[in-house]
Amino acid sequence: MASVALAHLDPASRAAARGWSDLTIRNMFIVPTLVFLIVFNIFPLIYSLGYSFTNFAANRSEPWQFVGLQNYRELLSDDHIWSNFIITAKYVIVSVAGQMIVGFGLALLLNRSFPMKGLITTLLLLPMMMSAAVVGLFWQLLYSPSWGPINYVFGLGDFAWLSNPDSALYAVAITDVWMWSPFVMLLSLAGLSAVPQHLYEAAAIDRASWWYTFTRITLPLVSPILLIALIFRTMEAFKTFDIAYTMTTQPTAELIAIRLYKQAFQQWDTGKSCALAYIVLIMVLAITNLYVKYLNKVKER
Amino acid sequence: MAAVRTSSEVALNRAAIVAVLVATLIFLAPIYWIASTAFKPKELAVSVPPTVLFQPEVTPFIRLFTKRVQMQKPVDPQVYEAAPWWEKRIYDGGERVLKVGKDVQLSQYPDRFMNSLIVAVISTVLAVGMGTFTAYGFSRFKVAGEADLLFFILSTRMLPPVVVAIPMFLMYRMVGLNDSHIGLIILYVAFNLSFSVWLMKGFMDEIPKEYEEAALVDGYTRMQAFFKIVLPEAATGIAATAVFCFITAWNEYAFALIMTNRRAQTAPPFIPSQIGSGLPDWTTIAAGTFLFLLPVAIFTFLLRNHLLRGVTFGAIRK
């Protein structure tokens, strides 16, 4: 009986008889997530923007004052901060370049069929599944000048990787390369497997050299996905905190995120650290935008 | 590849496979070192030259889980012999018997491990749940400014955790959410939600719309169609997304370090904090690290085929 009655109703009440309308369902499904993200990501940012113009200190109860752009002026003229940025830039370049080379190299090697390929690929993923903080901690032992296996295997004697400001940065970068090359490898493998096989067959018929095939077929076709890997890894490397923080007990590799943490939660210079957070944020956004523009160009070709 | 293979191609192929095996061994060496140190006697963890072969023991795990309240006087051999094995085991030397609860208490590690488990599981369920609904909404309905909204969702993931942590710390302090499970769960959901929406949207887009349309014709409501047709189809995608969210929440350090200190502290900030001054006991640290790695390693192996697709946002089509 019900279905007969339904047929006589207008479309709106037919939808109502079927439960909620599509519009209601759509809003119910999407709006909570958007609200949640705005409340817990955008709202805190606005909140800290306000604090960045004050001399507020979270550990003191004294009233704070509005200081205008003074925090920003002080930060941008502080040599110490600039050296943090330079260290971070060096770190990002070394570690991301290392990951791209090792990761893409591994993908090129893995991109063929051989026994236990699935198992080996999975084993190679393990480093990126670990906690960066704990990894950083444990690599302290591996790098230990007196009994670390790294110095023993490579015959480096008592070379102190982590307490030497010149090498600490590279030591952390090596660990980061170990941890995140698998990510680049995975994305590259996806890109490589998407290259149409008939292109290689055509190249083989033309007796093209390996190098020619690589630079004219493989590289152009995987470059968009390599660029995506590059964007992800650059952003992550710029934000690096955990590995470097647990690895270097002395501030030998003080990346900008570590500096920010210390300023906010050890010196309790809250207002100024909010300002520094904004400087970092603007830099992340600038880098991301540059990349996205370049990515779109590559895609258009 | 070409059907006919020259001998040089075969040789090249073999060399590549050997190179892969060597690279795999290099990549696994640090993990082997963690795992093996967890079973080493204390003095072999820092030996020169580094020890590769040794008689494994479980005392690092006992030290990890227990805290000695006070040392007892040596007991007479008869009492020692009569004691159950776990009480004998608790003291490294084996000549004294320490009573659990009286002389030996649980260390903080089990608590921290449980905190990690609670926070990671609940935040994963929430992030994947909300992400699945939202992804369905974006996948099936017209949304004004869809591309911009999706980019906004992704952009929340680009923020450095320390940047978000400063205002969140202040806000949490006002409402009393510092050092609480709920506070950490909210942060992890906010952090993982973008990823969950993006991954799930990839999986949802692959489920043919016709499935639900057929169900709607059969008299199902939209919600019934969603729960009875779409969700079962999306099950593998949900599993893969859940593992990723779980691993991220399980391993997160910066938020946990800043937002917790005692009650709700998770293992990632706890394990490094155990390194005090003086010579650290690497075997105990390794034991803690090894146990902490175990769930992730098991997940990775169980779900390896789905993970490969997940990491690449569905770029590898199976």
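Here the structure is a predicted model, which is why all the values come from computation and not from measurement. A note on names: the letters A, B, ... follow the listed sequences, proteins ahead of strands, and every chain is numbered from 1. Basis for what follows: all heavy atoms, side chains included, without hydrogens, waters or symmetry-related copies.
- For the residue pair B/P160 and A/V284, the shortest heavy atom distance occurs at CG-CG2, 4.2 Å.
- Here B/L28 contributes atom CG and A/I120 contributes atom CD1; the two are 9.5 Å apart, rounded to the nearest 0.5 Å.
- In terms of heavy-atom pairs under 4.5 angstrom with chain A, the leader among B/L12, B/I31, B/I17 is B/I31.
- The shortest non-hydrogen separation linking B/A190 to A/N41 is O-ND2, 3.9 Å.
- Between atom NZ of residue B/K142 and atom CG of residue A/L23 there is a gap of 12.5 Å, rounded to the nearest 0.5 Å.
- Interface remark: B/A29 contributes no atoms to any contact with chain A (heavy atom separation under 4.5 Å).
- Taking both residues in full, the closest heavy atoms of A/F265 and B/A165 are given as CZ-O, 4.1 Å, listed atom of the first, atom of the second, then distance.
- Smallest separation of non-hydrogen atoms from B/M171 and A/P44: SD-CA, 4.3 Å.
- Contact check for B/F27 versus A/S181: side-chain heavy atoms found under the 4.5 Å cut-off.
- Test B/V296, B/T289, B/I271, B/N251 against A/S131 for side-chain contact (heavy atoms from CB on, under 4.5 Å) and you get one pass: B/N251.
- Note on A/L123, A/T240, A/N27, A/L108: by heavy-atom pairs under 4.5 Å with chain B, the leading option is A/L123.
- Ranked by heavy-atom pairs under 4.5 Å with chain A, the list B/P49, B/A19, B/A254, B/A286 is led by B/P49.
- Remark: B/R222 CZ to A/D22 CG distance equals 4.5 Å, nearest 0.5 Å.
- To the nearest 0.5 Å, the span separating OG1 on B/T24 from CG on A/L106 amounts to 7.5 Å.
- Within the 4.5 angstrom heavy-atom criterion, only side-chain atoms of A/L142, from C-beta onward, approach chain B.
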Item to check | A/I30 vs B/F133, side chain to side chain contact (heavy atoms under 4.5 Å, CB included): CA-CA, chis, key distance, verdict | outcome: CA-CA 7 Å; A/I30 293 177; B/F133 282 117; over 6 Å; no
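- At a 4.5 Å heavy-atom cutoff, the contact between A/R112 and chain B is made by side-chain atoms alone.
- Ranked by heavy-atom pairs under 4.5 Å with chain A, the first of B/T37, B/I26, B/V197 is B/T37.
- Listed here is the closest heavy atom pair of A/L124 and B/A23: CD2-O, 4.5 Å.
- Atom-to-atom distance recorded for A/F138:CZ and B/L293:CG is 11.0 Å, nearest 0.5 angstrom.
- With contacts defined as side-chain heavy-atom distances shorter than 4.5 Å, the pair B/P30/A/W139 qualifies.
- Only the side chain of A/V102 comes within less than 4.5 Å of a heavy atom in chain B; its backbone stays farther off.
- Between chain A and the residues B/I186, B/V52, B/V164, the most heavy-atom pairs under 4.5 angstrom are made by B/I186.
- The most heavy-atom pairs under 4.5 Å with chain A, out of B/T248, B/I285, B/L187, B/V162, come from B/V162.
- B/I153 touches chain A through backbone and side chain together, each having a heavy atom under 4.5 Å away.
- For the set B/T132, B/T156, B/I247, the count of heavy-atom pairs under 4.5 angstrom toward chain A peaks at B/T156.
- For a residue to count as touching a neighbouring chain, one of its non-hydrogen atoms must lie under 4.5 Å from one of that chain's; by this rule A/M116 does not touch chain B.
- You'll find the side chain of A/L141 stays beyond 4.5 Å of the side chain of B/I34, heavy atoms only.
- Centroid-to-centroid, the aromatic rings of B/F169 and A/W268 come within less than 6.0 Å.
- Interface residue A/M130: backbone and side-chain heavy atoms are both found under 4.5 Å from chain B.
- Within a 6.0 Å sphere centred on CZ of A/F114, heavy atoms belonging to other residues, nucleotides or ligands number more than 12.
- A/T33 contributes atom OG1, which lies 11.0 Å from atom CG of B/L149 (distance to the nearest 0.5 angstrom).
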Next on the checklist: Does A/L45 form a side chain to side chain contact (heavy atoms under 4.5 Å, CB included) with B/L159? I'd like the steps, not just the answer.
Outcome noted: CA-CA 10 Å; A/L45 285 181; B/L159 305 172; 3.9 Å; yes
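- The side-chain heavy atoms of A/Q140 and B/W282, taken from C-beta on, include a pair separated by under 4.5 Å.
- At a threshold of 4.5 Å between non-hydrogen side-chain atoms, the residues A/S48 and B/I166 do not count as touching.
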Next on the checklist: Could you go through B/I258 and A/Y261, starting from their C-alpha distance and side-chain angles, then the distance that decides it, and tell me whether this counts as side chain to side chain contact (heavy atoms under 4.5 Å, CB included)?
Outcome noted: CA-CA 9 Å; B/I258 293 165; A/Y261 169 76; 3.5 Å; yes
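- With a 4.5 Å cut-off on non-hydrogen atoms, A/F40 touches chain B through its backbone and its side chain both.
- With a 4.5 Å cut-off on non-hydrogen atoms, A/I42 touches chain B through its side chain but not through its backbone.
- Smallest separation of non-hydrogen atoms from A/A58 and B/R173: O-NH1, 2.8 Å.
- Proximity to chain A is limited to the side chain of B/L21, based on heavy atoms less than 4.5 angstrom apart.
- The parts of B/F138 that come within reach of chain A are both its backbone and its side chain, each placing non-hydrogen atoms under 4.5 angstrom from that chain.
- Only the side chain of A/T288 comes within contact range of chain B, with heavy atoms under 4.5 Å apart.
- In summary, the aromatic rings of B/F226 and A/F29 are positioned with their centroids under 6.0 Å apart.
- Between chain B and the residues A/M235, A/K117, A/K239, A/E236, the most heavy-atom pairs under 4.5 angstrom are made by A/K239.
- Of the listed residues A/Y152, A/Y47, A/W178, the one with more heavy-atom pairs under 4.5 angstrom with chain B than any other is A/W178.
- Neither the backbone nor the side chain of A/F238 comes within contact range of chain B, judged by heavy atoms closer than 4.5 Å.
- Taking a 6.0 Å sphere around CZ of B/F152, one finds it holds more than 12 heavy atoms contributed by other residues, nucleotides or ligands.
- For a residue to count as touching a neighbouring chain, one of its non-hydrogen atoms must lie under 4.5 Å from one of that chain's; by this rule A/Y278 does not touch chain B.
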